[in-house]
Amino acid sequence: MISQALKLRQLGKRVRVVAKDIRTYSRQAEELYEEAMRAGVQFFRYADDRPPQEVVTFEEGHVEFYDHYLGTRLRIPTDLLVLTVGLCPTEDNLAAQLKLSRSADGFYMELHPKLGPVETAVQGVYLAGASQGAKDVRESMAQALAAAGKAGALLARGEIEKEPLTAKHDPEKCIGCMRCVKVCPFNAIEQIGEPGKGTVRIAEAACMGCGNCAAECPVGAIEMPYFTRAQVTAQIDAALAEHPEEKVLVFTCNWCSYAGADLAGIEKRQYPTSSRIIRTMCSARLEERFVVRAFEQGAGAVLVTGCRLTEDGSDCHYNYANTHTYKRFKRWKRKLVRKGLAPERLQLRWISAAEGKEFAEKLHEMDEVVREYADKKSE
Ligand code: FES
């Protein structure tokens, strides 16, 4: 919009931009904004706290609005009015077809902001340009080149390498309940036979390794390599081996919340020594038995974290798998509180990769909880 305004101005037109707010987040964009102002494009900020009918009106060749800075109503004669709106994600069903995750603002989400900026959680699907959010041409081209490079490298190999993180199914234990089929975010589990009598088959090429199926299985018939029940339980026991009542066990997912913890470290934020972090690929890997085990071992508190989940969407890298974390967490908490657990000792907090500060603050808050708990215990 700024470059169009500038071009019109260079053609000798009088250009006025009436906006709620202008954000130019890259260096070149800020320079363009300044150049437009120098060239004579006039920018106004309208106050949007007025009644809707008064915010901006267009009548009889005039635009009227309440100026935020001047604190007064302005009426500007206008020959041509051009309305521009913010960039919105498309309402297609491509995300559902390709099993792509969308972020809270509805754009497709990258695998990791730092480690996989053009990859998605679905192997072989890469992002470029405005599919991931508002971008200018230069940025879109740079990302498209990176995406093409990744796709080219994949094709040139002639074979696909997969992380050995796919779910493993044990037909001996399976009771054919088909709960795993219903919760798999990638439709990677095939139902074989009737529910209650049949079994399932996991398509390893389609499985992304979130662990949601393993957490859902009531009989432990699905295991996640590297995050097996025995391995996670051993980590819980080790973390709580000494003075467990003074410890906060923090479960993080590999992507956002662990990246948030990492960022807290990079930013040199101090967080209490009471916290012990256990990482799984997705928060949906967490099972009730892990939380129960932590409290059986005497943990002062347990904090479950994961990628952000809001009413508008989910940042989970496994196609909304953290919606299951949320449902399960509420169930575990209800059960444990009914058995006498103080509610503040089991908490859930969504953390984005950019929230190092929030992560550190939450750990301070949890530290207070365990201090109070340890004090009460020693009385
Ligand atoms: Fe973070 Fe699923 S990957 S909650």
Side-chain angles (χ1 to χ4, degrees), residues 95-96 98-123 125 127 132 162-163 165-167 180 182-189 206-217 222 224-227 232 249-264 277-288 290-291 302-333 346-356 358-359 362-363:
L98 295 179
K99 299 288 174 191
L100 299 177
S101 301
R102 288 181 187 261
S103 52
D105 54 17
F107 289 98
Y108 296 138
M109 198 166 62
E110 71 286 341
L111 184 63
H112 191 282
K114 285 188 268 180
L115 306 177
V118 298
E119 290 99 329
T120 65
V122 183
Q123 284 185 334
V125 179
L127 300 177
Q132 196 191 18
K162 244 182 111 36
E163 299 258 357
L165 285 171
T166 49
C180 54
K182 291 190 194 115
V183 300
C184 176
F186 298 99
N187 289 344
I189 308 180
C207 174
M208 293 293 152
C210 61
N212 197 20
C213 53
E216 186 70 16
C217 180
I222 298 180
M224 298 309 300
Y226 307 109
F227 300 95
V232 177
L249 204 62
V250 186
F251 290 105
T252 68
C253 73
N254 186 52
W255 305 104
C256 291
S257 57
Y258 192 75
D262 185 34
L263 184 65
I277 294 178
I278 295 180
R279 180 177 60 97
T280 53
M281 291 310 287
C282 177
S283 64
R285 169 68 189 96
L286 293 187
E287 299 182 25
E288 183 176 352
F290 299 155
V291 175
V302 172
L303 176 65
V304 174
T305 67
C307 306
R308 290 187 72 79
L309 174 68
T310 64
E311 279 176 12
D312 299 327
S314 160
D315 285 357
C316 176
H317 288 60
Y318 298 98
N319 207 6
Y320 297 84
N322 62 349
T323 54
H324 295 280
T325 313
Y326 184 54
K327 283 187 212 153
R328 288 178 195 134
F329 178 85
K330 285 198 293 185
R331 200 171 61 230
W332 305 335
K333 184 148 181 170
L346 176 58
Q347 296 194 34
L348 170 74
R349 176 70 195 264
W350 306 122
I351 297 278
S352 84
E355 290 181 323
E358 287 75 3
F359 185 81
K362 187 66 195 171
L363 292 193

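Ligands are counted one by one from 1 in listed order, and the atoms in each one are counted from 1 as well. Below, all heavy atoms of this structure are taken into account, side chains as well, without hydrogens, waters or symmetry copies.
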Check this for me, if you would: do E216 and K182 make a salt bridge, where the nitrogen-to-carboxylate-oxygen distance has to be below 4.0 angstrom? no
Quick note on ligand 1: atoms under 4.0 Å from a heavy atom of W255 include exactly 3 (S)
Counting only heavy atoms from other residues, nucleotides and ligands, does the tally under 6.0 Å from CD of E163 exceed 12? no
Quick note on ligand 1: atoms under 4.0 Å from a heavy atom of Y318 include exactly 3 (S)
So if I apply the side chain to side chain contact (heavy atoms under 4.5 Å, CB included) rule between R285 and each of N212, T280, N254, which one comes out positive? T280
Measure from atom 1 (Fe) of ligand 1 to each N, O or S atom of H317 and report whether any distance is below 2.8 Å. no
Check this for me, if you would: do E287 and R328 make a salt bridge, where the nitrogen-to-carboxylate-oxygen distance has to be below 4.0 angstrom? no
Within the stated cut-off of 2.8 Å, is an N/O/S atom of C307 closer than that to atom 1 (Fe) of ligand 1? yes
Please work out whether the ring planes of Y318 and F186 are parallel, tilted or perpendicular, with thresholds of 30° and 60°. perpendicular
At atom 2 (Fe) of ligand 1, what is the angle formed between atom SG of C316 and atom SG of C282, rounded to the nearest 10°? 100°
Per-atom contacts, ligand 1 versus N322 - under 4.0 Å to a heavy atom: 4 (S)
